[in-house]
Every structure is written in C-alpha cells, then in structure tokens.
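Naming convention: chains lettered A, B, ... in sequence-line order (proteins, then strands); numbering from 1 in each chain.
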Number of protein chains: 2
Amino acid sequence: MESSSARSGGSTRREATRQKLYEAAVTLIAEQGFSATTVDEIAERAGVAKGTVYYNFASKSVLFEELLRHGVGLLTASLKEAAEQTARRGGTKVDALDAMVRAGLVFIDRYPAFTQLYVAELWRTNRAWQSTLMVVRREAVAVVEGVLREGVAAGEFSDEIDVQLTAAALVGMVLVAALDWKSFQPERSLDDVHAALSRLLQGRVSGRV
Amino acid sequence: MESSSARSGGSTRREATRQKLYEAAVTLIAEQGFSATTVDEIAERAGVAKGTVYYNFASKSVLFEELLRHGVGLLTASLKEAAEQTARRGGTKVDALDAMVRAGLVFIDRYPAFTQLYVAELWRTNRAWQSTLMVVRREAVAVVEGVLREGVAAGEFSDEIDVQLTAAALVGMVLVAALDWKSFQPERSLDDVHAALSRLLQGRVSGRV
DNA sequence: AGTTTTGTACTGACCAGTCAGTGCAAATCG
DNA sequence: CGATTTGCACTGACTGGTCAGTACAAAACT
C-alpha cells in the first residue's frame, strides 16, 4: 500500500522547486523590498522558468505570504524549543530568556535575509499580507510573553513589569542588535554578541554585581 | 544696500510646498513602502500637481533622501539635547540614558510614520539612498555610544560592556517597543511606556534591587 | 500516463519623468 | 501713468519603458 519513497504530502520534485523559489525570493526581497523585486528576477535566481513560479504559486503576493509563514514558523519553533529545554533542565526563567536570546541570534545568523525582510514589513499598514504577518508575529512574541508571565507567577520577576511591552522590548533588543551585528560587524562571533546581550538583559551594565 | 524685504534663502511659497510634499510622502511611504508609493499619489495627497514634485525635487529618490535626512536630523538633535540637559543638571549616565529613552519615545510619538519608514529601510542593501541612511544612522547611534563611553570612563558602567553593540540593542529596545505601543496599544500613555522601559534598562526586571 | 517544468511570446495596466504652456507679481520701460 | 518684460512656481497631458500575469506546445521527470 505505502509507496517506497516516503512522500508526506506533495511530490518531492515540486517541493524542491518551491524551496528554491523561497530562497531566491527571500534574499531578493530583503535587499530590494517586495515591490522592487520582479518575478522575472526571482525565477532567474532560482534557475526556473517564469511559468513555474505561477504553476507553484497563485501570485507574487501569495509566494511572499507563504514565505513569511514558513520563516516565522521556524523561529517560533526554535524559541519554544529553547524555553522548554531550559525548563526541562531546571533552569530559572532568566535562563530561559537567555536561551531564547541565543536561539534568536542563531536564527538570525542562519537566516539574516529573512529577518531583514520581516522587520521591514512588520509595521507597514495597508498591505495585502498585513493580517498574515500580524498572526504570525503574535505567535512568536507570545512565547516570550509566556516565559515572562511564568516568571512573574513564580515570583522570579517583579509583578510590576508590563509583560507585553517588556516582551516587545526584548525582541527589539535582540533583533536590532543582531541586524547591526550582521550589517556592520559581521566578523564577530555569536558567543560574543550573546555575551553582550546577556549582560544587558541581566542589568549588569550599570549595576555592580 | 540691503533690500527692504528681508528674505533669507528661498521663498516662503516654495518652502511651504516642500513641507506639504514631505508630509504626504512620509505617511504614504510608511504605509506602503518606497517602491509601492507613486509620485502621483504623493502629489495628490499634497494637493499639488505632479510637475510640482519634479520642480522641487530632482527625483522620487531625492525627495525620499531629503526626507530621511530631515527626520533623522530632528531625532539626533533631540537625543543630544536630552543627554546634555541631564549632564547640566548633574545627573548620572543612567539618568542620561533614561532621558534619551524618553526623548526617543517623544519623537516616535510625534512622528510615528517617519519611524516606521526608517526602520523598514535601514537594513536594506542595494538601494540608492543606502549611504545617506548609513551616515545619518551613525550620527544618531553615536550619541548613545558617547554616553555609554563616558559612563565607562567614569566608572559608572562596567568596562566589559560592548559599547557599539549595547548602543544598538538599546536603540532597538526603544524602537521596537515604541512601534509596538503605537501599533497595538496606542491608548497607553507615554509615561507608562517610559516606566516599563526604565525598569528594563535598570535591570529591575529580574534583579532584586 | 500523469504531473511538473520549460521557453517563448504576448498583453495591458501602470508609472517615473518630461515638457510646452499658464498665472502672477515685481521690475523695467516709454 | 499704462504697457511690456522677466522670472518664479506650478500645471497636467503625454511618452517610453517596465512588469505581473497569461498562453501553450513541447520536453522532462517519476
């Protein structure tokens, strides 16, 4: 009954084409923006005929939306994994936050173009994929908010903190620092960057410990 | 010798038109991005003919570049002012950082569209105004870096902090938190948001004080 | 044998930038 | 004084090019 080549869903060939298109689109759109990137360019960089793009995706915007969903899905999974692993090992909530900072850095290190593109589109309004982006953002930030809330409940964090705003600020801290790293001092190591952010996170900038 | 009608520089009329064009362009580009915004739209929103745009600016990109310079100039000045005022009053460097956080929030509160657009374009590569943006960014971040460096020199901050990266992270923290505030909970007061960020800045989230 | 990809050619909407011309107020002229 | 010129600011129809999306027959995969 079962086919020998394990196929879960679509054919492998088609999946490979879609993957190539994602990769081509992500770098081009990160560099130039959505509107300035042409479908011809995407097809060419993917090494594929233009018709193939439209055989695989209903339109340019749909391609982009699926790309967004795909990418943020990876990030969210990675953040969750980091938080859960820390919990399993009996770490504190600060440890969990720190692990998530690292997971964020690893993600950005691996997919800098996606991150760039995500930031560039996130606060736009009046765009077709706005709602998709909103949903997907909530999922990611919610992971951070969850850890903060648990920390408050456990008495590890002050109950005066504003969970939502603090989560956004933490995400912003990592995002901007990492993009800066990649853009302006790419020779530095991930550990190095992580150490700097850890210090800031734990208030060891101003305070003597 | 001197003319009776004291006119310093350009005519008032022209200046007013340029201002209208700036205002129209900033909101449209923040919403849709540079490439997706047409010159016709900008002209229409400014209540001006298309030709007038080209009478006042050499091209669409030039209009945008001057807009960027103009906006970041305002921000930089405001940050400097905050730092200097704190110094004059004999505040600590943490106080100065805090004052700059507030200045940043005030700026974003007043010019949310500009901030949006700035973030969206900052990490793009291969764009015409890339170099302009780079210069202008350095100026703004340099103000924060300056305060951090002085703090280290004065022994107020650990000399192990990475000035450049920490500055970027702080800017990111304020930027993203503020955009989140404006986008998702605009009813909150500036003081409220400032308080949350202050707490984070001073490590009063996790640390017992 | 059905699915996927290719290559080429095409369409029609859209858009940055141009240009000949208008309106108007101050300056110059006769 | 009235008539004419000058220069600035602005206008909006027009042009030349670009690009998303379509069409389709032949080829390549699985």
Side-chain angles (χ1 to χ4, degrees), chain A residues 1-26 28-29 31-67 121 126-129, chain B residues 1-26 28-29 31-67 121 126-129:
Chain A
M1 271 311 179
E2 62 279 26
S3 57
S4 54
S5 64
R7 60 185 56 228
S8 55
S11 74
T12 315
R13 190 175 171 210
R14 200 169 179 188
E15 211 42 62
T17 311
R18 291 171 69 101
Q19 190 62 38
K20 278 195 290 181
L21 283 170
Y22 280 153
E23 276 158 28
V26 81
L28 284 168
I29 297 179
E31 280 167 11
Q32 308 176 324
F34 176 81
S35 308
T37 301
T38 69
V39 174
D40 288 283
E41 278 177 310
I42 296 175
E44 193 192 339
R45 175 154 326 178
V48 137
K50 187 178 185 178
T52 305
V53 176
Y54 285 93
Y55 183 78
N56 282 280
F57 298 95
S59 69
K60 186 185 168 190
S61 324
V62 168
L63 162 57
F64 184 55
E65 262 183 82
E66 299 199 8
L67 181 60
E121 292 297 335
N126 298 346
R127 305 229 78 174
W129 52 80
Chain B
M1 271 311 183
E2 62 277 31
S3 59
S4 55
S5 64
R7 58 187 56 233
S8 53
S11 74
T12 316
R13 187 174 172 206
R14 199 164 179 190
E15 211 42 61
T17 308
R18 292 172 69 103
Q19 190 61 37
K20 276 194 293 183
L21 284 170
Y22 279 152
E23 275 159 28
V26 82
L28 284 168
I29 297 179
E31 282 167 10
Q32 308 176 324
F34 176 82
S35 308
T37 301
T38 68
V39 174
D40 287 284
E41 279 178 308
I42 296 174
E44 193 191 339
R45 179 160 316 184
V48 139
K50 188 178 188 177
T52 305
V53 176
Y54 287 92
Y55 182 77
N56 283 281
F57 300 95
S59 69
K60 188 185 169 188
S61 324
V62 168
L63 161 58
F64 184 54
E65 264 183 79
E66 299 198 7
L67 183 60
E121 293 297 335
N126 299 346
R127 306 229 78 175
W129 52 82

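Among the protein residues, B:S61 comes within range of no part of the nucleic acid, since none of its heavy atoms lies under 4.0 Å from any strand. Counting non-hydrogen atoms under 4.0 angstrom, A:T38 reaches the backbone sugars and phosphates but no base.
In terms of polar N and O atoms assigned as donor or acceptor, the side chain of B:K60 never comes within less than 3.5 Å of the base of C:dG17 in a complementary pairing.
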Quiz item: Would A:L63 and A:I42 satisfy side chain to side chain contact (heavy atoms under 4.5 Å, CB included), going step by step from the backbone distance to the final call?
Solution: CA-CA 11 Å; A:L63 162 57; A:I42 296 175; 4.3 Å; yes
Practice problem: Kindly determine whether B:K60 and B:F64 satisfy side chain to side chain contact (heavy atoms under 4.5 Å, CB included), including the steps that lead there. | Solution: CA-CA 6 Å; B:K60 188 185 169 188; B:F64 184 54; over 6 Å; no
Exercise. Report the C-alpha distance between B:S61 and B:F34 in whole Å, list the side-chain angles of each, state the deciding distance to 0.1 Å, and finish with yes or no for side chain to side chain contact (heavy atoms under 4.5 Å, CB included).
Key: CA-CA 9 Å; B:S61 324; B:F34 176 82; 4.0 Å; yes
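Comparing A:Y55 and A:K50 along DNA chain C, the residue whose closest nucleotide (by nearest heavy atom) sits nearer the 5' end is A:Y55. For the pair A:S35 and A:G51, nearest-nucleotide mapping onto DNA chain D gives the more 5' position to A:S35.
Nearest nucleotide to the side chain of A:Y54, out of D:dA20, C:dA16, C:dT6: D:dA20. Each of C:dT4, D:dA9, D:dA20 was ranked by its minimum atom distance to the side chain of B:R14; first place goes to D:dA9.
Atom NZ of A:K20 is separated from atom C1' of C:dT6 by 12 Å (rounded to the nearest Å). Rounded to an integer number of Å, the gap from CD of B:E41 to C1' of C:dC15 is 11 Å. Rounded to an integer number of Å, the gap from CD of B:E15 to P of D:dC10 is 11 Å. Between the CG atom of A:L28 and the C1' atom of D:dC19 there is a distance of 15 Å, given to the nearest Å. If you measure from atom CD of A:E44 to atom C1' of C:dT8, you get 15 Å, rounded to the nearest angstrom. If you measure from atom CG of A:D40 to atom P of C:dG7, you get 13 Å, rounded to the nearest angstrom. Summarising the geometry, the separation between CZ on B:R18 and P on D:dC10 is reported as 10 Å, rounded to the nearest angstrom. Residue A:R13 contributes atom CZ, which lies 15 Å from atom P of D:dA27 at whole-angstrom precision.
In this structure, the side chain of B:R127 engages the main chain of A:Q32 through a donor-acceptor pair within 3.5 Å.
With hydrogens and angles left out, the side-chain atoms of B:E23 and B:Q19 include a donor and acceptor closer than 3.5 Å.
Between A:S59 and D:dA20 there is no side-chain polar atom (N or O) within less than 4.0 angstrom of OP1 or OP2. For the pair B:N56 and D:dA9, the criterion of a side-chain N or O lying under 4.0 Å from OP1 or OP2 is not met.
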